Participant: 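This structure is in structure tokens; I'll ask about it shortly.
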Amino acid sequence: MKEINITTTFEVFNSIADLPEEIQTLMHQAIAVRKNAYAPYSHFRVGAAILLDNGNTVLGSNQENAAYPSGLCAERVAIYQAGAVYPEAKMLTIAISAASDSNPTLSPIPPCGSCRQSIAEYEFKQDTPIEIYFMGETGEIYKSNSINNLLPLSFNKNSL
């Protein structure tokens, strides 16, 4: 038998004010677009803002559907929009903010598994890491330097 140990590392910021200025702007955009979420079922709103290497920012908010699998998370809305509109641009940073209409979200909310896989696809495609900052409604912000911290042993085209 062989044992594999996987270690992940995150940076923790106490508040938005502690983030680098460019990331503060990105996180404020994620918070603002979060308010556009269509979340009549979960009442859980998520906003994502992606900074591209061409200087553009792409936004997304979760969009639910009565046929639950038909909805999309904010991260995937933004990722797919970036891929469709700016196919040659690299994604540098994703800022994510999540809030519930009924309960305060005071700790960082990471991307779900499907979003992690989607981020991994683009990180692998562009062959450079994508920084991921995520938070709840308020409070601490976690930073991951790559999706590999959130999705070790990822599945990609080399697995096929």
Side-chain angles (χ1 to χ4, degrees), residues 6-66 68-83 85-86 89-123 128-152 154:
I6 298 173
T7 304
T8 60
T9 303
F10 298 91
E11 293 176 43
V12 179
F13 298 86
N14 289 323
S15 70
I16 293 174
D18 294 335
L19 295 169
E21 191 172 318
E22 183 177 60
I23 305 305
Q24 286 182 37
T25 300
L26 200 63
M27 189 59 79
H28 284 299
Q29 289 175 304
I31 291 167
V33 75
R34 179 184 79 205
K35 296 171 185 166
N36 296 338
Y38 178 67
Y41 307 105
S42 71
H43 306 287
F44 190 77
R45 301 174 187 284
V46 181
I50 301 177
L51 178 62
L52 305 176
D53 68 349
N54 63 11
N56 289 305
T57 301
V58 179
L59 306 176
S61 60
N62 56 313
Q63 302 296 310
E64 295 181 351
N65 191 294
Y68 292 123
S70 298
L72 276 180
C73 300
E75 298 92 328
R76 286 182 284 155
V77 168
I79 289 165
Y80 298 152
Q81 173 75 352
V85 177
Y86 304 105
K90 290 185 177 183
M91 297 178 202
L92 302 177
T93 307
I94 302 174
I96 306 161
S97 176
S100 170
D101 291 346
S102 55
N103 300 309
T105 52
L106 306 178
S107 59
I109 307 293
C112 75
S114 293
C115 289
R116 292 175 196 205
Q117 182 63 40
S118 296
I119 295 167
E121 181 71 22
Y122 281 87
E123 190 172 285
T128 56
I130 300 170
E131 293 181 331
I132 305 164
Y133 291 81
F134 55 97
M135 66 180 292
E137 188 173 356
T138 61
E140 290 182 334
I141 298 106
Y142 287 4
K143 176 195 176 193
S144 173
N145 289 324
S146 167
I147 193 61
N148 291 327
N149 287 324
L150 292 162
L151 187 66
S154 62

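What's counted below: heavy atoms across the whole structure, side chains too, no hydrogens, waters or symmetry copies. All figures in this text were calculated on a predicted structure; none of them were measured in a lab.
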Participant: Against Ile31, only a single residue in Ile16, Thr138, Ile96, Leu26 fulfils side chain to side chain contact (heavy atoms under 4.5 Å, CB included); can you say which?
Facilitator: Ile16
Participant: Show, in sequence, the C-alpha distance, side-chain angles and deciding distance for Glu22 and Leu51, and conclude whether the side chain to side chain contact (heavy atoms under 4.5 Å, CB included) test is met.
Facilitator: CA-CA 9 Å; Glu22 183 177 60; Leu51 178 62; 3.6 Å; yes
Participant: Evaluate the ring planes of Tyr142 and Phe134, with Trp represented by its six-membered ring, and classify them as parallel (under 30°), tilted (30 to 60°) or perpendicular (over 60°).
Facilitator: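 Perpendicular: the ring planes of Tyr142 and Phe134 meet at over 60°.
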Participant: Does Ile23 form a side chain to side chain contact (heavy atoms under 4.5 Å, CB included) with Thr25? I'd like the steps, not just the answer.
Facilitator: CA-CA 5 Å; Ile23 305 305; Thr25 300; over 6 Å; no
Participant: To check you understand the geometry: which heavy-atom pair defines the closest contact between Ala120 and Ile147, and what is its length?
Facilitator: CA-CG2, 3.8 Å
Participant: At their closest point, which heavy atom of Arg116 faces which heavy atom of Pro111, and how far apart are they?
Facilitator: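 Closest heavy-atom pair between Arg116 and Pro111: NE-O, 2.7 Å.
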Participant: Just by distance, with hydrogens left out, do Glu140 and Ser107 show a side-chain donor and acceptor under 3.5 Å apart?
Facilitator: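 Note: Glu140 and Ser107 side chains miss the donor-acceptor criterion.
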Participant: Taking the side chain from Asn149 and the backbone from Thr9, do they hold a donor-acceptor pair closer than 3.5 Å?
Facilitator: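 Side chain of Asn149 to backbone of Thr9, a donor-acceptor pair under 3.5 Å: yes, one is there.
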Participant: Do you know the tightest heavy-atom contact between Gly83 and Met91?
Facilitator: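 Looking at all heavy atoms of both residues, the shortest contact is N-CE, 4.4 Å.
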Participant: Please lay out, stage by stage, how Val46 and Glu75 fare under the test side chain to side chain contact (heavy atoms under 4.5 Å, CB included).
Facilitator: CA-CA 8 Å; Val46 181; Glu75 298 92 328; 4.1 Å; yes
Participant: Got a donor-acceptor contact below 3.5 angstrom from the Gln24 side chain to the Ala17 backbone?
Facilitator: yes
Participant: Quick check against the 3.5 Å criterion: does Asp53 have a side-chain atom that pairs as donor or acceptor with the backbone of Lys90?
Facilitator: yes
Participant: How are the rings of Phe13 and Tyr133 set to each other: parallel, tilted or perpendicular (split at 30° and 60°)?
Facilitator: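 The rings of Phe13 and Tyr133 sit tilted, inter-plane angle from 30° to 60°.
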Participant: Considering the options Arg45, Arg34, Lys35, which one meets the salt bridge (charged side-chain N to carboxylate O under 4.0 Å, His left out) requirement together with Asp101?
Facilitator: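 Among Arg45, Arg34, Lys35, the one meeting salt bridge (charged side-chain N to carboxylate O under 4.0 Å, His left out) with Asp101 is Arg45.
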Participant: Indicate the atoms forming the closest heavy-atom contact of Pro104 with Glu137, along with that distance.
Facilitator: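 So the two residues come closest at CA-OE1, 4.1 Å.
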Participant: How close do Ala30 and Ala95 get, counting heavy atoms only, and between which atoms?
Facilitator: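 Closest approach of Ala30 to Ala95: CB-O, 3.5 Å.
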Participant: For Pro129 versus Asn145, what's the shortest heavy-atom pair and its separation?
Facilitator: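 Between these two residues, the closest heavy atoms are CB-O, 3.4 Å.
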